[in-house]
Number of protein chains: 2
Amino acid sequence: MSFRLDDRKKKILKAIIRTYMETGEPVGSRTISKYADLNVSSATIRNEMSDLTEMGYIIQPHTSAGRIPSDKGYRLYVDELMKEKEDEIAELRSLMIEQTDKVDKVLKKVAKVLASNTNYAAMVSVPQYRGSRIKFIQLSRVNTRQLVAVVVNDNNLIRNQIIELVDDMDDETILKLNLLLNTNLNGVPVQDINLGMIARLKEQAGMHSSVVATVLDAVAATIQVDQEDVEIYTSGATNIFRYPELADKEKASELISTFEEKQQLADLVKDRMSDEDNTGLSVYIGEELPIRTMKDCSVVTATYELGEGLRGTIGIIGPKRMDYESVVESLKELKSQLDGLLTNKT
Amino acid sequence: MSFRLDDRKKKILKAIIRTYMETGEPVGSRTISKYADLNVSSATIRNEMSDLTEMGYIIQPHTSAGRIPSDKGYRLYVDELMKEKEDEIAELRSLMIEQTDKVDKVLKKVAKVLASNTNYAAMVSVPQYRGSRIKFIQLSRVNTRQLVAVVVNDNNLIRNQIIELVDDMDDETILKLNLLLNTNLNGVPVQDINLGMIARLKEQAGMHSSVVATVLDAVAATIQVDQEDVEIYTSGATNIFRYPELADKEKASELISTFEEKQQLADLVKDRMSDEDNTGLSVYIGEELPIRTMKDCSVVTATYELGEGLRGTIGIIGPKRMDYESVVESLKELKSQLDGLLTNKT
DNA sequence: GTTAGCACTCTTTTAAATTGAGTGCTAACA
DNA sequence: TGTTAGCACTCAATTTAAAAGAGTGCTAAC
C-alpha cells in the first residue's frame, strides 16, 4: 500500500501549498483542477489527493473540507519543490545600510526592514564576541577612588567599567598594571580568559595587596562576555495578526510573549550558531521547532558574519504557510549586505 | 437642571467604578443596590444613576444595559474617591533590587516585575544624561591608526568610541589633547557642549591639522546624547489580552505595535519629564492620552531620579478600569527604591 | 424622598434550518 | 488501466428565528 511520489503528485502538492499560502483556507480538488498546466478533472485530483493524504504530505482538517499541507509536505516543498524567485528583493538592496550608523542601530533597522518587507515577524541577534581577541586594555584614574577599565577587542567593540577602590592606589601601580595586562592579554581570545589566568596575573603582579586583586577581578569581569544572554532585536510581532491561523487570543498572546521575552529566541539562535553548513540558511517547520508556542509557525534563519568570528543570526518567524521563496531571498540579500559590513567601523 | 454631587452620588459612582474594575461588564442598578453600606432599593439607585449619567460621570453603552464609568468619572475617582491601599506591595519591596546589577539590567527587571505584579503592561525609560556633568575624558592609542575616546560623567556612566585616524598622530599630541579636553570640559554639563565650544577647542589646540579636528569632533559626538531617542524597556504587553475590551484583534494589534515601536511611548515620557510637580506621579485617562491607539487605556507614570539630574520614568499601561490604587502604590514603591539607587554604582 | 411594579428595549444566548464546499464511491468510458 | 461524470453524503459555516435576560424609565403608592 505504498505509493510513488510521481511527477503529477508533486505538481499537485505544490499547487496545494501555493494556493494555501495565499488563502490560508483548506484547498479542495476543484480548485486544483483549474490549476493551469494540469489538465485533469477534479475527480482525478481527488484520487491523487487521497494518495497524498495517505502518504502524509497533506492533511484533512475534518471529513469534508479541503486539504492543508502537513509539516512533511512543507518540508518537501522547501527541500525540493521550491523554485528561486528573484523579484521584489531589489527593494531591500537599495533601502539599506548606511555605513555611518552604529552596529546596534543597523541591526535594529535590519529587523524593522525585514519585518515590514515580508509581513512576518523578524528577529536579529547581536553578534557574540566569541572568537574575538583582545586588542587593547587600559586602566585610567578617574579620581582617587575610582578607575575606569576599557577593553577593546579586535572587532573594535569596546567594553568598560568603573572600578571602585577601597584603598588608594598610586599612579605607578596603575602604570604597572596596564603594562602587565597588555603584555599578558593582548591578542588572547576572549573565551580563553578564565579564573586560572587571572590568578596567574595576580601572582605576577607581585604585590599581594587586595586592591590589585580587586582591580584584576574587575578587569576580568569587564572582558568576560555574558555567555548566557545573546541580545536579540525583534520587529513586526504584530504581523502575526495577519494570519488567522495564528491570530486567536490564546496563540497570539503566547507568541507575542515569546517575542517579548526573547530568551527562547536566543536559545534557538544559539543552537543554530553552533551548526556549520555551507549556506548558513536553515528552515524549521512547525513541530521541528524546539519552542512549544511556535508549533504552528515556521522559522527561517540565516547566520551572518560581521567580521572575523563576529557571528549573528537574522530570522523570520511566520505561519507555516509562509512564502518560503521570498523569505529565503530576503534573508540571503540581507545576509550578504551584513557579511563583511564591519570591515571599517565601530 | 444641574445636580449637586452629594455624598450618596459619590458613593454610588465609586461603587460603579469598583464593580466595573472587577467585571469589565456594564453594571446595573440592582448590583449596586446590594452594595453594603447603602441601604436603598434599585429604583433609587436608578434615579441617582440617571443623574450621574446626565452629569457625565457614567455612560450607558446602549439603551438597556448597565452603566460604565466615563473618562470624567475615572478622573473624579482618581482625584478624590481613591483611598490608598497598602497591601500586596510588600511583595515588591522584598523582590527587588540587587545592588550588584548594572543599571540597564535593573531597569529591565523593574519593567518585568512591575508587569507581572500588576497584570498590566509596564514601561521603564532609561534616564537621560541631561544635567549630568563630565568628570573624565581620556583618549588612548589603540594602534597607529586608532584611538579610543572614553568619557565618564558624574553619574559614572561611560560612553566611548573608536576613532579612526586618516593621518598618524604622535603620542605627544594625544597627551596634549587629553590635557586640553580635561581642563576645558571637566565639570561642564553635557548639554552645554555644542558646536561653538568644539570650535573654540579646535582653535585652542593650536594646530590646524585636520586630524586634530577629526578627533575633537569624534569626542564631541561621543559626549553628545542622542536627545531624540529615549530608550524604553517594556514588559507584559500581552497582559492586555486579559481585558476583553482591549483584546480584539484590531485594538490588540495596534496597542502591541505601539509597545513594540516604543517611539510614541518615548514621546509620552519626554512630555511628562518636563513637568515638575511634587509627587512625580501622573495619571492619563483615555482620551487624555496623546496617543490615538491608546484611547481605551489609562496610563500611570512616575518619574524617578537615579542620581543628580538622572531622571527616568516608570509607567503602567492598562485598561481604563485599571486598579488605580494598587498601580499607584506599586509605582510609588518602585520609585522610592530607584530614587537614589545609583549613589555608589555604575 | 423612597420604593414596588411593570412595560419596554436591546443584547445575548440558544436552537434550528439552510447553504455550500468538498469528499468518496460507483459506474461508464477511452 | 487510468480518467471522468455523477451523485449521495458529511460537516462546518452562515443565516434565521425564537427565547431569555438584564436593565431601564416611568408611574403610582407609601
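All chains are named by letter (A, B, ...) in the order of the sequence lines, taking the proteins before the strands, and each is independently numbered beginning at 1. A quick note: this is a predicted structure, and the numbers were derived from the prediction, not measured.
For C:dC10, the paired nucleotide is D:dG21, the pair qualifying as Watson-Crick or G-U wobble because both relevant distances are below 3.5 Å. Remark: D:dA29 base-pairs with C:dT2; criterion is Watson-Crick or G-U wobble with both hydrogen-bond distances under 3.5 Å. C:dC29: Watson-Crick or G-U partner is D:dG2, with both key distances under 3.5 Å.
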Residues B:S257, A:T238; criterion side chain to side chain donor-acceptor pair (under 3.5 Å); working and verdict: CA-CA 6 Å; B:S257 285; A:T238 48; 2.8 Å; yes
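In summary, A:K11 and A:E48 do not engage in a salt bridge, as defined by a charged side-chain N under 4.0 Å from a carboxylate O. A salt bridge links A:K112 with B:E261: the distance from a Lys NZ or Arg NE/NH1/NH2 to an Asp or Glu carboxylate oxygen falls below 4.0 Å.
Atom CD1 in A:I32 sits about 15 Å away from atom C1' in C:dT23, given to the nearest Å. Rounded to an integer number of Å, the gap from B:I16 CD1 to D:dT24 C1' is 13 Å. Across the protein-nucleic acid pair, A:R8 atom CZ and D:dG2 atom C1' stand 8 Å apart, rounded to whole Å. As a whole-Å value, the separation of A:H62 NE2 from C:dA21 C1' is 9 Å. Taking atom CZ of residue A:R67 and atom C1' of nucleotide C:dA21, one finds them 13 Å apart after rounding to whole Å. When rounded to the nearest whole Å, the span between CG of A:D6 and P of D:dT3 equals 9 Å. Going from atom CG of B:L52 over to atom P of D:dG25 covers 12 Å, rounded to whole Å. Note: CG (A:N47) to P (D:dT1) measures 15 Å, nearest angstrom.
Between A:Y77 and A:E325, the closest side-chain pair of non-hydrogen atoms falls below 4.5 Å.
If you check C:dG5, C:dT3, C:dG24 against the side chain of B:V40, the one that comes closest is C:dT3. Residue A:R46 has its side chain nearest to C:dG24 when only C:dA4, D:dT24, C:dG24 are considered. The side chain of B:T44 lies closest to C:dT2 when the candidates are C:dG24, D:dC11, C:dT2. Of the candidates C:dG22, C:dT23, D:dT24, the closest approach to any side-chain atom of A:T31 belongs to C:dG22.
Between atom CD1 of residue B:I316 and atom OG of residue B:S298 there is a gap of 12.0 Å, rounded to the nearest 0.5 Å.
Side-chain to base pairing of B:S64 with C:dT9: one donor and one acceptor N or O lie within less than 3.5 Å of each other. You won't find any donor-acceptor pair under 3.5 Å spanning the side chain of B:R30 and the base of D:dG23, going by distance alone.
Of the side-chain N and O atoms in A:S29, one or more sit less than 4.0 angstrom from OP1 or OP2 of C:dT23. Phosphate contact (OP1/OP2 of D:dT10, side-chain N/O of A:T63, threshold under 4.0 Å): absent.
Looking at which nucleotide of DNA chain C each of A:A43 and A:G28 is closest to, the 5′-most match is held by A:G28.
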